[in-house]
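Data first, discussion second: the structure below is written as structure tokens.
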Amino acid sequence: MPALSSNRPISPLPRTFYARDPRRVARELLGKVLVRKDSHGPRTARIVEVEAYLGQNDPAAHTFSGQTLRNAVLFGPPGYAYVYFIYGNHYCLNVSCEPDGKAGGVLFRALEPLTGIEQMARSRALTIKNPRDLRLLTSGPGRLAEAFDITRERDNGTDLTSSDSTLWIGSDGLPPGPILLTPRIGITKAAHLNLRYLLRGNAFVSGGRASQVRRPLPRTKL
DNA sequence: ATATCGATTATCT
DNA sequence: GATAATCGATATG
């Protein structure tokens, strides 16, 4: 059964949550809730798919070749939004991990809409024909960014640990359910590493069925 | 259902 | 000048 919307209060995750290896952060972010607060009212969605990027040792990471203006947030303190623009078309959301000075991050790849679905649909209606199809709202990194009106200009550097922010991450206490580990999607470098984390059987995971037929999370792994 | 392709621009070599 | 952590449209089986 899919995770359902709960009316439990959502409390922000502390900065210490993010001050760890991105693999651990990625795994534990599954089931948590992304919140957008603005004049349209709250949008919330459950995190169902993420990928870990390992900083200086990871050829696929934006931080592989060192710090630049664009990736500075990933080298800074943990718990802040890193938003980048890709293919001349899409924004993607990450959260910085590891202690200040060490690079690392987690990419948000798919969400399950909970509340504020009408506003997500309005934001996505600019691009898609059928904003009534919930899967099309937030199933993919570019899609979820558009559904939440996430842009580099507005959100890069936002503190995601504060419920005073217009964008933040919290927990409503629901357990995430079974987690699967697969290769990352859409990259050319270090494409074989199992650094994509998803909730097993969740309908909002991106990439179709083939990308979900992989292995359970090993107990010994981060 | 799967494959291929074009869009469109910030960033880095 | 080439590339990119993508998406949506179109073509084909």
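Here is the naming used below: chain letters follow the sequence lines, and residue numbers restart at 1 for every chain.
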- Message: Let's test your reading of the model: under 3.5 Å, does the base of C:dA4 pair with the side chain of A:Tyr84 as donor and acceptor?
- Response: no
- Item | Between C:dA9 (P) and A:Asn130 (CG): distance, integer Å | 10 Å
- Length of the OH-C1' vector between A:Tyr87 and B:dT11, whole Å: 14 Å
- Figure out the CZ/C1' separation between A:Phe85 and C:dT3, and round it to whole Å. 14 Å
- Query: Which base sits across from C:dT10 as a Watson-Crick or G-U pair, both distances under 3.5 Å?
  - Reply: B:dA3
- Answer yes or no: are there more than 12 heavy-atom neighbours, outside A:Asn57 itself, under 6.0 Å from its atom CG? no
- Message: Just the rounded figure in Å: distance from C1' of B:dT9 to CG of A:Leu69.
- Response: 16 Å
- Message: Taking the six-membered ring of A:Phe204 as reference, does the cationic atom of A:Arg46 (NZ for Lys, CZ for Arg) lie under 6.0 Å from its centre and within 45° of its axis?
- Response: no
- Does the A:Thr161 side chain pair with the main chain of A:Arg15, one donor and one acceptor, at a distance under 3.5 Å? no
- Would you indicate what A:Ile128 reaches in the nucleic acid, counting non-hydrogen atoms under 4.0 angstrom: base, sugar-phosphate, or nothing? sugar-phosphate
- Item | Minimum-distance nucleotide (side-chain atoms of A:Arg143 versus C:dG8, C:dA9, C:dA5) | C:dG8
- How is A:Leu107 classified with respect to the nucleic acid when contacts are heavy atoms under 4.0 Å: base, sugar-phosphate, or nothing? base
- Message: Rounding to an integer number of Å, can you tell me how far A:Tyr91 OH sits from B:dA10 P?
- Response: 8 Å
- Is the count of non-hydrogen atoms from other residues, nucleotides or ligands lying under 6.0 Å from A:Arg154 atom CZ greater than 12? yes
